[in-house]
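This report refers to the structure that appears directly beneath it.
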Amino acid sequence: MSAIHPTITEVLSRTFRVPVAEILPESTMDSLDMDSLAVAEFAVVIREAVGVELDPGTLHRDTSLAGLTEFLRAAAGDEAPVSAAR
């Protein structure tokens, strides 16, 4: 699942028009100017792209992309998923 971060980057840049230079591991949904509706839509698009369901409590506006990436890696692999870092 090493393609998770590039997938996140592609979704954010193509679907939400976030400049690639702003998509950093420490970036949060809030720092990328993603409002709650955009965060909900992002969760749906990521579920379709990666195949991991994000429940409403997993993805917040203050969730870092690094935390989201680790959550998705754990959920897609054999490890038990952990809450996304905030």
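The basis for the numbers below is simple: all heavy atoms, side chains too, and nothing from hydrogens, waters or symmetry mates.
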Handout entry: Step-by-step side-chain contact (heavy atoms from CB on, under 4.5 Å) determination, V52 to I4
Key = CA-CA 11 Å; V52 173; I4 290 175; over 6 Å; no

Quick check for you: to the nearest 0.5 Å, what is the distance between [X] atom [atom1] and [Y] atom [atom2]?
X: S64; Y: E70; atom1: OG; atom2: CD; answer: 9.0 Å
X: D33; Y: R61; atom1: CG; atom2: CZ; answer: 8.0 Å
X: H5; Y: L72; atom1: NE2; atom2: CG; answer: 12.0 Å

Exercise for the section: State, to 0.1 Å, how close E53 and F71 come at their nearest heavy-atom pair, and which atoms those are. Expected result: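 Nearest heavy atoms, E53 then F71: O-CE2, 4.4 Å.
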
Practice task
Measure across L24 and L65 and return the closest heavy-atom pair with its distance rounded to 0.1 Å.
Solution key: O-CD1, 3.4 Å

Counting distance only, does the side-chain N/O of [X] pair as donor-acceptor with the main-chain N or O of [Y] below 3.5 Å?
X: T63; Y: L59; answer: no
X: T15; Y: L12; answer: no
X: S27; Y: E22; answer: yes
X: T7; Y: A3; answer: yes

Problem - Stepwise side-chain contact (heavy atoms from CB on, under 4.5 Å) check, F42 with L54 - result: CA-CA 10 Å; F42 177 68; L54 294 172; 5.7 Å; no

